[in-house]
2 protein chains.
Amino acid sequence: MDDRLLTTGLADEIEFLTARARAVGTAHANASLAPLDLRVRSYSVLALAASGVDPTQRELAEFLSLDASQIVALVDGLESRGLVVRTQDARDRRSNAISATPAGRALAAKAAVIVRRAETESLSGLTSAERDRLRELLKKAAFTG
Amino acid sequence: MDDRLLTTGLADEIEFLTARARAVGTAHANASLAPLDLRVRSYSVLALAASGVDPTQRELAEFLSLDASQIVALVDGLESRGLVVRTQDARDRRSNAISATPAGRALAAKAAVIVRRAETESLSGLTSAERDRLRELLKKAAFTG
DNA sequence: TATTGTTATACTCTATAACTATA
DNA sequence: TATAGTTATAGAGTATAACAATA
């Protein structure tokens with residue numbers, strides 16, 4: 001990589017750095033997940049469905065910062081593959097709780113290993129302590145506001 | 001924000017946190033830049049063109065992690081508004097150096113102020129020292145590999 | 001009235017391949 | 001042969017609005 005542009009002001013903007021880190025990281029993670037026929041977005045929904053929390057579609061939308069209509073399509077895709085199921089909440093029949101099937105949990109476990117490896121590869125320039133600190137700061141940044 | 005999902009494993013994946021921080025940050029920055037008829041991507045090209053470095057389109061593509069064909073469209077848009085110009089390199093006539101016009105530099109300066117304010121707003125949950133540390137770690141993360 | 005999920009639509013962003021002109 | 005830029009196209013991601021069912 002040619003370093004000339006690293007001296008510009010843009011290279012110090014967190015917004016730009018986040019966008020670039022995400023572009024590179026997502027491309028790498030998508031490629032790593034391709035053998036499982038998952039992408040970062042579908043993996044994220046599957047992982048939450050397999051976590052035991054049984055989130056509603058509304059919760060998924062808020063947490064993943066996606067529109068509710070996008071969650072419909074993602075859940076449709078996973079449901080048609082037998083990886084997750086919708087269960088209507090008896091107390092509020094508008095809500096669907098999303099949970100993983102045994103097949104979904106198995107795939108989520110495999111995918112988590114792959115994503116963790118992809119993360120380590122993408123961040124090979126950072127020490128383990130730096131990765132932990134980055135995780136901590138990003139968690140604050142991602143959930144502020 | 002409902003915190004139930006923060007206890008899941010996904011909430012500790014840097015890939016996910018980066019994607020969420022970027023989604024929220026970009027949406028906010030795009031809204032802030034709208035009065036100038038810029039978005040994060042077009043602003044990034046304009047900022048680099050106005051930096052005095054006169055990058056080639058190839059350098060812009062690598063640095064912004066965009067495909068060369070996307071740079072064509074972005075530069076076309078800025079050029080048609082009189083904000084940047086293409087200058088053919090005399091020594092390698094395949095290359096175009098992209099530089100901002102006076103109007104482009106003026107707009108870039110205005111936009112930089114807006115983006116800096118948007119960044120501070122997006123990261124209001126972090127102290128100034130934490131923002132600096134995050135910037136430092138993201139710089140490493142964004143340019144590894 | 002307000003909210004959850006759904007459908008539909010348009011727009012932006014991303015990925016790929018083929019082409020040209022130069023080197 | 002290889003590279004910078006261009007064009008074209010398709011697919012993924014994002015944003016909005018309207019609707020049905022339910023609260």
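Both backbone and side-chain heavy atoms feed into the values below; hydrogens, waters and symmetry mates do not. Numbered from 1 within each chain, the chains take letters A, B, ... in sequence-line order.
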- Query: Tell me: CZ of B/R41 to P of C/dA15, nearest whole Å?
  - Reply: 11 Å

- Message: Between the side chains of A/R133 and A/E136, is the shortest nitrogen-to-carboxylate-oxygen separation below 4.0 Å, so that they form an ion pair?
- Response: yes

- Ion pair A/R86/A/D76, N-O distance below 4.0 Å: yes

- Query: With a 4.0 Å cut-off, would you call B/R116 and A/D12 a salt bridge?
  - Reply: no

- Item | Along DNA chain C (nearest heavy atom to each residue), the more 5'-positioned of B/R91 and A/A27 | A/A27

- Supply the atom-to-atom distance B/L33 CG to B/I114 CD1, rounded to the nearest 0.5 angstrom. 6.0 Å

- Task: Could you grab the distance from atom OG1 of A/T26 to atom CZ of B/R22, nearest 0.5 Å is fine?
- Result: 8.0 Å

- Message: Using a 4.0 Å cut-off to any heavy atom of chain B, which nucleotides of DNA chain D are the first and last in contact, reading 5' to 3'?
- Response: D/dA2 to D/dT14

- Which comes earlier along DNA chain D counting from the 5' end, the contact point of A/Q88 or that of A/L74, where each point is its nearest nucleotide? A/L74

- Task: Specify the separation, in whole Å, of atom CG of B/L66 and atom P of C/dT12.
- Result: 16 Å

- Which distance, rounded to the nearest 0.5 Å, do you find between the CG of B/D37 and the OH of B/Y43? 16.0 Å

- Reading 5' to 3' through nucleotides 2-7 of chain C, protein heavy-atom contacts under 4.0 Å coded B for base, S for sugar-phosphate only, - for none: BBSSBB

- Query: Under the 3.5 angstrom rule, does the side chain of A/R131 hit a backbone N or O of A/L126 as a donor-acceptor pair?
  - Reply: yes

- Query: Hey, do the aromatic rings of A/F63 and B/F16 have their centres closer than 6.0 Å?
  - Reply: yes

- CZ of A/R20 versus P of C/dT14: gap in Å, rounded? 13 Å

